[in-house]
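Presented below is the structure to which this report refers.
No hydrogens, no waters, no symmetry mates; every other heavy atom, side chains included, goes into these values.
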Amino acid sequence: MSKPLVVITGASSGIGESIARQLSGQGHPLLLLARRVDRLDALNLPNTLNRKVDVTDRDAVKAAIAEAEETFGPVDCLVNNAGLMQLGSAATQDPAEWDAMLDVNVKGLLNGIHCVVKSMQERRAGTIINISSVAGIKGFPNHVAYCGTKYAVHGITETLREEVANDNVRIIVVAPGAVETELLSHTTSDEIKEGYEGWKDSIGGAIHANDIADCVSFAYNMPQNVCVREVVVAATRQQP
């Protein structure tokens, strides 16, 4: 029996790439979305459509999903992984960075949800997995705007779950601690980046993208009547 379609945003590196590799290995056809489509093509995964799509472009997300569904059938799982982390203090950070994070981390997530959730409700099946952060659970210095976007992800996830639970649709949030990815490179302050890297060293290093992919795979592969609502995962020595 063929596996159903999975859509992954921000799949060109890090956590998204690891999730793509793992679910492809399990036999799922994929729609991978990212701005760097050459990175997607380089993965060379079978039964996969790679599309250059910015998640802030709702029409482009919708068009790519419609194209994939024509080939592979309805979306069974959406992994909202695309994210932007630009750290800075409330007093000094360029407000344009707030706008960018809100657009990608919150509106981009909502765009993906909007494109798939109605169909899932009608079919009474489907899973949406939102990749958040421990920064959506507690605050950190220099994370004011970023934490705000990730708290929004948790609030959206919890509220949506209550809306669609009776339709047998699962809504899951995965909240990683520090992970070795390219995410920190988005931050423009060298001082903050150096401090963050020093903190990672002090806890023995961050966890890896494959660790998050394992969590996603575990939650998704549970029976449809079982919803692993929230997974919080971090290095053992990471205290906050």
So, [X] side chain and [Y] main chain: donor-acceptor pair closer than 3.5 Å or not?
X	Y	result
His114	Gly112	no
Glu180	Ala209	no
Ser89	Thr92	yes
Asn105	Leu84	yes

Between [X] and [Y], is any pair of side-chain heavy atoms under 4.5 Å apart?
X	Y	answer
Val75	Met120	yes
Arg161	Arg170	no
Leu40	Arg36	no
Ile131	Asn80	no

Working to the nearest 0.5 Å, report the span between [atom1] of [X] and [atom2] of [Y].
X	Y	atom1	atom2	value
Leu160	Asn130	CG	CG	7.5 Å
Thr159	His154	OG1	NE2	12.5 Å
Asn142	Cys147	CG	SG	10.0 Å

### Task
Carefully, step by step, assess Arg58 and Lys107 under the rule side-chain contact (heavy atoms from CB on, under 4.5 Å).
CA-CA 9 Å; Arg58 188 178 304 118; Lys107 294 180 183 178; 6.0 Å; no
#### Entry: Trp98: hydrophobic cluster co-members (side-chain, 4.5 Å)
none
## Note on the structure
Grouping ILVMFWY residues whenever side-chain heavy atoms fall under 4.5 Å, the cluster of Ile137 otherwise contains Val134, Phe140, Val232
### Query
Quick one: are the ring centres of His28 and Tyr220 less than 6.0 Å apart?
yes
### Message
Please give me the minimum heavy-atom distance between Ile203 and Gln238, naming the atom from each residue.
### Response
CD1-CB, 3.8 Å
#### Entry: Considering all heavy atoms, the nearest Asn168-Gln224 contact
O-NE2, 2.9 Å
### Message
Quick check on Arg229: does its CZ atom have over 12 non-hydrogen neighbours (other residues, nucleotides or ligands) under 6.0 Å away?
### Response
no
### Query
Would you find more than 12 non-hydrogen atoms of other residues, nucleotides or ligands less than 6.0 Å from Asn166 atom CG?
no
### Query
Do Glu17 and Arg39 sit within salt-bridge range, that is, some charged N less than 4.0 Å from a carboxylate O?
no
#### Entry: Option among Leu30, Leu31, Leu49 that satisfies the side chain to side chain contact (heavy atoms under 4.5 Å, CB included) test with Val7
Leu31
